[in-house]
Q: 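Quick one: the structure is below, questions incoming.
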Amino acid sequence: MGAGHDHGHSHGGPPPGTSGTAAAAYKGRLRMALGITLTVLLAYVAGSALTGSLALFAEAGHMATDAVGVSMALLAIHFANRPASSRRTYGYARAEILAALLNCLLLLGVGGFILFEAIERLANPTEVPGGQTVVFGLVGVVANGISLALLMRGQKESLNVRGAFLEVLSDALGSLAVVLSALVIMATGWTQADPIASLLIAVMIVPRTVKLLREALDVLLEAAPRNVDMDEIRSHIMALPGVQDLHDLHVWTITSGMPVLSAHVVVDHLALDSTGHEKMLHDLQGCLGEHFDVEHCTFQLEPSGHAEHEAKLCH
């Protein structure tokens with residue numbers, strides 16, 4: 001009995017494999033953000049054709065990528081909330097992280113394209129009507145501001161929503177750069193302000209994208225969550241009465257808002273006999289639930305010497 005596997009939830013959230021990932025609550029807002037993005041995209045395509053502005057063209061391409069990214073985020077939510085099966089025991093929750101990763105790759109591609117076009121336009125300046133460009137830029141600023149408000153809360157809870165939020169944020173900053181460059185052109189006639197604004201758009205895209213890419217890769221590589229102190233978890237478990245040792249401690253993330261922990265806990269057999277198997281598990285789960293945000297815990301209670309027995313079996 002001491003070597004058996006036991007499971008428990010440290011708090012009341014949904015267990016892995018059930019519906020209710022962190023991004024699912026924001027599906028409606030993502031849909032509204034997608035509609036706004038597509039509307040502004042069409043406006044920017046028209047504006048770029050009318051004015052010849054590279055900055056508007058860059059933003060149109062950027063928003064097209066964002067529309068694809070938000071669509072993938074919505075598709076990922078659909079798959080992530082499908083029920084688990086005997087083959088996919090955590091369901092499709094990891095699809096959200098794959099969507100965030102693909103969003104990063106798309107954003108990096110757009111940033112590189114804008115950079116190339118801006119450098120070429122700096123060498124060969126083109127006349128750009130500032131007044132019309134200002135109007136289209138302001139449309140983007142207002143529309144993206146609405147989308148940011150819709151996604152502000154969700155981006156704190158889900159990498160998938162955060163990917164969409166960062167795309168909209170870079171769009172809003174890009175729209176602002178378009179407006180400022182057009183105002184400079186109107187005031188001074190300096191047409192190179194347009195490709196310089198495009199360069200700023202590219203620079204704004206890359207750093208945030210790299211940060212999101214790093215977080216998504218951490219999840220895929222099953223690294224410990226950044227807000228989890230492994231040494232502190234170990235100390236809390238070791239401090240429980242009757243616990244002699246701890247090994248094979250792992251904490252990873254299935255998807256945003258779904259951290260998972262597993263551990264082999266060596267327990268003194270006399271303490272286990274006096275405390276009881278169920279009480280020991282309750283103490284372990286209660287300890288983690290009180291101090292750490294871990295969604296799903298799996299403990300294997302072992303008598304002394306069992307780790308050596310496992311090692312021999314593995315060899």
Q: Determine all donor-acceptor pairs shorter than 3.5 Å in which one atom belongs to a side chain in residues 129-145; sequence neighbours excluded.
A:
from : atom 1 : to   : atom 2 : distance (Å)
T133 : OG1    : P129 : O      : 2.8
N144 : ND2    : G140 : O      : 2.9
N144 : ND2    : S175 : OG     : 3.4

Q: Using side chain to side chain contact (heavy atoms under 4.5 Å, CB included), reason through L101 and L213 one step at a time and then give a plain yes or no.
A: CA-CA 6 Å; L101 182 63; L213 178 62; 3.1 Å; yes
Q: What is the minimum heavy-atom distance between V266 and H247, and which atoms define it?
A: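 Looks like CG2-CD2, 4.0 Å.
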Q: Of the non-hydrogen atoms in S147 and V168, which two are nearest, and what is the gap between them?
A: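 Smallest heavy-atom distance, with atoms named: CB-CG1, 3.5 Å.
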Q: So how far is it from H250 NE2 to T298 OG1, rounded to the nearest 0.5 Å?
A: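 The OG1 atom of T298 is 11.5 Å from NE2 of H250, to the nearest 0.5 Å.
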Q: Can you tell me if S181 uses its side chain to pair, donor with acceptor, with the backbone of V178 under 3.5 Å?
A: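 Yes: the side chain of S181 pairs with the backbone of V178.
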Q: Might you point out which heavy atoms bring R94 and I254 nearest each other, and give the distance in Å?
A: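 Heavy atoms of R94 and I254 come nearest at NE-O, 2.6 Å.
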Q: Where do Y26 and R153 come nearest, in terms of heavy atoms and distance?
A: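 Heavy atoms of Y26 and R153 come nearest at OH-CG, 3.4 Å.
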Q: Side chain to side chain contact (heavy atoms under 4.5 Å, CB included) between D248 and S262: does it pass, once the steps are laid out?
A: CA-CA 8 Å; D248 291 317; S262 68; over 6 Å; no
Q: Taking L34 as the starting point, is it possible to reach I146 by hopping between hydrophobic residues whose side chains are less than 4.5 Å apart?
A: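 Same cluster: I146 reaches L34 through Ile, Leu, Val, Met, Phe, Trp or Tyr contacts under 4.5 Å.
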Q: From L151 CG over to R29 CZ, what is the distance, rounded to the nearest 0.5 angstrom?
A: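 Result: 8.0 Å between the selected atoms.
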Q: When you group the ILVMFWY residues by side-chain heavy-atom contacts below 4.5 Å and let the links chain together, are L176 and F57 in the same group?
A: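 No, F57 does not connect to L176 through the hydrophobic network.
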Q: Check D218 with R214, please: is the shortest side-chain N to carboxylate O separation under 4.0 Å?
A: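 So R214 does not pair with D218 through a salt bridge.
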Q: Side-chain heavy atoms nearer than 4.5 Å, only ILVMFWY residues, links allowed to pass through others: does that put M63 and L169 together?
A: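 Cluster IDs for M63 and L169 match.
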Q: Looking at CD1 of I237 and CG of D245, how far apart are the two atoms once the value is rounded to the nearest 0.5 Å?
A: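 So the CD1 of I237 and the CG of D245 are separated by 11.5 Å.
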Q: Would you find a donor on one side and an acceptor on the other, under 3.5 Å apart, between the side chain of S48 and the backbone of Y44?
A: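 Absent.
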Q: Could you give the distance from CE (M280) to CG (D268), rounded to the nearest 0.5 Å?
A: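 M280 CE to D268 CG: 8.5 Å, rounded to 0.5 Å.
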Q: Hydrophobic clusters here meaning ILVMFWY residues chained together by side-chain heavy-atom distances under 4.5 Å, can you tell me if V267 and I233 are in one?
A: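 Yes, V267 and I233 fall within the same hydrophobic cluster.
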Q: Kindly give the heavy-atom pair with the smallest separation between K156 and M152, and that separation in Å.
A: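 For K156 and M152, the tightest heavy-atom pair comes out as CG-O, 3.9 Å.
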Q: Does any non-hydrogen side-chain atom of V228 lie less than 4.5 Å from one of L261?
A: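 Of all side-chain heavy-atom pairs linking V228 with L261, none is under 4.5 Å.
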Q: With the 4.5 Å side-chain cut-off for hydrophobic clustering, are V70 and L38 part of the same group?
A: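 Both belong to a single hydrophobic cluster.
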Q: Under the side chain to side chain contact (heavy atoms under 4.5 Å, CB included) criterion, do I36 and L150 qualify, and how do the steps go?
A: CA-CA 11 Å; I36 292 171; L150 289 171; 4.3 Å; yes
Q: Assess the residue pair L180 and V184 against the criterion (side chain to side chain contact (heavy atoms under 4.5 Å, CB included)); give the C-alpha distance rounded to whole Å, side-chain angles, the decisive distance to 0.1 Å, and a yes or no.
A: CA-CA 6 Å; L180 293 176; V184 169; 5.6 Å; no
Q: CZ of R234 to CG of L246: how many Å apart, nearest 0.5 Å?
A: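 The CZ atom of R234 sits 4.5 Å away from the CG atom of L246.
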Q: Got a second to check how far R31's CZ is from L74's CG, nearest 0.5 Å?
A: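 Between atom CZ of R31 and atom CG of L74 there are 6.5 Å.
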Q: What are the two closest non-hydrogen atoms of R121 and G52, and how far apart are they?
A: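 That would be NH1-O, 3.5 Å.
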Q: Kindly list each side-chain donor-acceptor pair under 3.5 angstrom involving residues 192-200, sequence neighbours excluded, with atom names and distances?
A:
from : atom 1 : to   : atom 2 : distance (Å)
Q192 : OE1    : W190 : NE1    : 3.4
Q192 : NE2    : L122 : O      : 3.0
D194 : OD1    : S53  : OG     : 2.7
D194 : OD1    : A55  : N      : 3.3
D194 : OD2    : L54  : N      : 2.7
D194 : OD2    : A55  : N      : 3.3
S198 : OG     : A55  : N      : 3.4
S198 : OG     : D194 : O      : 3.2

